Number of protein chains: 2
Amino acid sequence: MTTAEENYLKAIYHLSEDGKKSVSTNDVAREMKTKPASVTDMLRKLGEKEMIEYRKYYGVHITEEGKRMALQTVRKHRLWEVFLVDKLNFAWDEVHEVAEELEHIQSPLLIQRLDAYLNYPKFDPHGDPIPDEFGDVKAKPRVALNEMEIDQMGQIVAVKDSSAAFLKYLDKVGAYIGARIKVLDKVDFDGSIEILVDQKKNLFMSKEVAINILVLQS
Amino acid sequence: MTTAEENYLKAIYHLSEDGKKSVSTNDVAREMKTKPASVTDMLRKLGEKEMIEYRKYYGVHITEEGKRMALQTVRKHRLWEVFLVDKLNFAWDEVHEVAEELEHIQSPLLIQRLDAYLNYPKFDPHGDPIPDEFGDVKAKPRVALNEMEIDQMGQIVAVKDSSAAFLKYLDKVGAYIGARIKVLDKVDFDGSIEILVDQKKNLFMSKEVAINILVLQS
DNA sequence: ATATTATTTTAGATATAGCTAAATTATTTT
DNA sequence: AAAATAATTTAGCTATATCTAAAATAATAT
């Protein structure tokens with residue numbers, strides 16, 4: 001698998017995730033920021049390698065083997081993100097580009113060792129679960145608070161920004177890890193949000209804050 | 001700079017190191033494990049970018065700019081090697097291939113952070129000095145004991161294998177860090193070596209041991 | 001000084017991954 | 001059901017990086 005093939009397969013996997021049966025050439029072109037004509041070529045190639053089922057003019061389905069490969073790439077990407085944030089002090093929103101390169105390093109041993117070194121993390125810094133070496137994802141995905149809709153409920157499970165300043169702020173307003181929350185209101189204009197904490201306390205926060213709070217939805 | 005260009009430039013830099021005025025097409029082809037015809041194309045390209053001075057049929061000289069670029073790649077390669085050995089517990093002779101891939105990741109911030117995280121190391125696990133971010137190499141290169149010639153002298157400055165077993169062995173035979181040594185004899189057949197430690201103690205060791213001892217030559 | 005040998009370059013392929021423009025197929029509208 | 005529109009594919013081109021075989025040049029030997 002070349003780097004380009006890995007990237008296409010990952011894109012197709014992500015586009016398939018949202019329950020869509022079939023992914024179109026245009027979908028892939030948009031996601032990959034290339035032209036549909038280039039996508040067609042790659043789909044044929046990935047089809048021949050049986051990573052996807054490709055029927056001309058009718059889009060693609062990812063195969064089990066393709067999914068396995070894509071999940072390996074996702075795993076590597078997310079592990080590197082954890083490394084960059086936990087060890088090299090990158091901010092969670094600075095890591096994507098670099099991880100996009102690092103994920104293509106070919107060395108199973110490296111990933112095995114990295115995983116151990118990071119203490120077998122289950123989530124990346126954005127709250128997305130890290131597949132295990134077999135491609136299994138046990139953990140439920142976490143969602144940034146700013147992405148929840150009105151009336152949705154959940155439990156605060158982690159923060160993306162673990163700076164002293166942010167943790168102090170959270171402590172002050174009573175938004176602790178483990179708190180059960182419900183979205184009361186969202187302001188479209190600035191993305192600020194109002195939530196109910198533990199069924200008793202109303203809390204209003206800016207988008208900047210909400211972005212950094214991870215919720216397990218229920 | 002593409003990955004291929006970086007690799008060629010690094011090869012030309014290393015081939016220039018040994019005091020050779022001009023590096024030939026064949027030299028580069030051997031080093032890069034490609035055919036001379038492929039090398040010619042790349043030399044023309046690197047010449048146009050003024051990384052090397054290229055005169056057809058007369059080999060190349062690396063320019064100051066080319067040297068600067070090559071040293072950046074060398075720096076990245078060696079920093080990653082330190083990471084792999086110090087943090088991920090790779091053995092010093094297992095890291096080259098992976099570092100060869102990692103060195104091409106494009107992110108100055110990543111390298112800056114990695115350097116800090118590793119505590120600004122001055123040597124890679126093979127004893128080679130790590131250039132600073134400006135390409136300056138202050139430290140003198142270290143040489144593995146098995147690579148020294150008869151009558152050469154120096155001082156033990158580090159070990160490549162820092163396992164308990166190896167350190168215990170060194171302690172037992174009296175080959176401590178800082179010891180002044182002189183090579184008395186080398187056996188071609190098995191690479192074993194006999195040295196004089198601190199002008200008083202004779203010490204015979206196998207090649208496997210000598211490989212793991214780094215000496216600052218004097 | 002010329003012929004032989006070795007080295008290097010050129011010319012013409014191949015494979016990957018992208019592009020544009022034109023042609024084809026599918027979908028939607030009337 | 002035909003026409004219009006949208007999506008997709010094909011054909012042909014570009015750039016990178018490789019190759020082989022043939023031609024050109026440099027170095028060496030006679």
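Each chain gets a letter, A, B and so on, in the order the sequences are listed, and its residues count up from 1. Fair warning: this is a prediction, and the values are worked out from it, not measured in the lab.
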Asks: Which residues pass the side-chain contact (heavy atoms from CB on, under 4.5 Å) test with B/Glu149, sequence neighbours left out?
Replies: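 Result, side-chain contact (heavy atoms from CB on, under 4.5 Å) vs B/Glu149: B/Gln152, B/Lys186.
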Asks: Among residues at least two apart in sequence or on other chains, which ones pass side-chain contact (heavy atoms from CB on, under 4.5 Å) with B/Asp93?
Replies: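 side-chain contact (heavy atoms from CB on, under 4.5 Å) check on B/Asp93 returns B/Ala91.
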Asks: By the salt bridge (Lys or Arg N to Asp or Glu O under 4.0 Å) test, which pairs, at least two apart or in different chains, include something from residues 67-80 of chain A?
Replies: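 Every pair satisfying salt bridge (Lys or Arg N to Asp or Glu O under 4.0 Å) with a residue in residues 67-80 of chain A: A/Glu65-A/Arg68, A/Arg75-A/Asp115, A/Arg78-A/Asp124.
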Asks: Name every donor-acceptor pair, under 3.5 Å, that has one atom in a side chain of residues 32-41 of chain A and the other anywhere in the protein, sequence neighbours excluded.
Replies:
unit_1: A/Thr40; atom_1: OG1; unit_2: A/Pro36; atom_2: O; d: 3.2

Asks: Who are the salt bridge (charged side-chain N to carboxylate O under 4.0 Å, His left out) partners of A/Lys49, not counting sequence neighbours?
Replies: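 Per chain and number, A/Lys49 pairs via salt bridge (charged side-chain N to carboxylate O under 4.0 Å, His left out) with A/Glu5.
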Asks: Identify all pairs in which a protein N or O lies below 3.5 Å from an N or O of nucleotides 23-29 of chain D, and state each distance.
Replies:
unit_1: D/dA26; atom_1: OP1; unit_2: B/Tyr58; atom_2: OH; d: 3.3

Asks: Using atom CG of B/Leu43 as one end and atom P of C/dT9 as the other, report the distance to the nearest whole Å.
Replies: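 Going from CG in B/Leu43 over to P in C/dT9 covers 7 Å.
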Asks: Give a yes/no on whether any side-chain N or O of B/Ser24 is located under 4.0 angstrom from OP1 or OP2 of C/dT8.
Replies: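 Answer is yes, contact under 4.0 Å.
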Asks: For B/Ser206, which residues count as a side-chain contact (heavy atoms from CB on, under 4.5 Å) partner, sequence neighbours excluded?
Replies: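 Per chain and number, B/Ser206 pairs via side-chain contact (heavy atoms from CB on, under 4.5 Å) with B/Glu208, B/Val209.
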Asks: So, is A/Thr40 near the phosphate of D/dT10, with a side-chain N or O under 4.0 Å from OP1 or OP2?
Replies: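 For D/dT10, neither OP1 nor OP2 has a side-chain N or O of A/Thr40 closer than 4.0 Å.
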Asks: Give me the stems containing DNA chain C, sorted by first residue, counting only three or more consecutive Watson-Crick or G-U pairs with both distances under 3.5 Å; say none if there aren't any.
Replies: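 The stems are C:1-30 with D:1-30.
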Asks: Is any side-chain nitrogen or oxygen of A/Asn26 closer than 4.0 Å to OP1 or OP2 of D/dA6?
Replies: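 Checking A/Asn26 against D/dA6: no side-chain N or O falls below 4.0 Å of OP1 or OP2.
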Asks: Residues two or more places apart in sequence or in another chain: which of them pass side chain to side chain donor-acceptor pair (under 3.5 Å) with A/Asn212?
Replies: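 A/Trp92.
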Asks: Please test A/Glu31 against A/His14 for side-chain hydrogen bond (donor to acceptor under 3.5 Å, both in side chains), starting from the C-alpha separation and ending with a verdict.
Replies: CA-CA 9 Å; A/Glu31 182 83 6; A/His14 284 314; over 6 Å; no
Asks: Could you run down the sub-3.5 Å N/O contacts of the protein with nucleotides 16-19 of chain D?
Replies:
unit_1: D/dA17; atom_1: OP1; unit_2: B/Thr2; atom_2: OG1; d: 2.4
unit_1: D/dA17; atom_1: OP2; unit_2: B/Lys45; atom_2: NZ; d: 2.0
unit_1: D/dT18; atom_1: OP2; unit_2: B/Tyr8; atom_2: OH; d: 3.3
unit_1: D/dC19; atom_1: OP2; unit_2: B/Lys35; atom_2: N; d: 3.2
unit_1: D/dC19; atom_1: OP2; unit_2: B/Ser38; atom_2: OG; d: 2.4

Asks: Can you tell me how the ring of A/Phe83 sits relative to the ring of B/Tyr117, calling it parallel under 30°, perpendicular over 60° and tilted otherwise?
Replies: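 Judged by the thresholds at 30° and 60°, the geometry between A/Phe83 and B/Tyr117 is perpendicular.
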Asks: May I have the distance from A/Tyr54 (atom OH) to C/dT25 (atom C1'), rounded to whole angstrom?
Replies: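 To the nearest whole Å, that distance equals 12 Å.
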Asks: I'd like to check the salt bridge (charged side-chain N to carboxylate O under 4.0 Å, His left out) partners of B/Asp132; sequence neighbours left out, ordered by chain and number.
Replies: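 Checked B/Asp132 against salt bridge (charged side-chain N to carboxylate O under 4.0 Å, His left out); matches are B/Lys138.
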Asks: Under the salt bridge (Lys or Arg N to Asp or Glu O under 4.0 Å) definition, can you give me all pairs with a residue in residues 101-112 of chain A, not counting sequence neighbours?
Replies: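 The answer is A/Lys10-A/Glu103.
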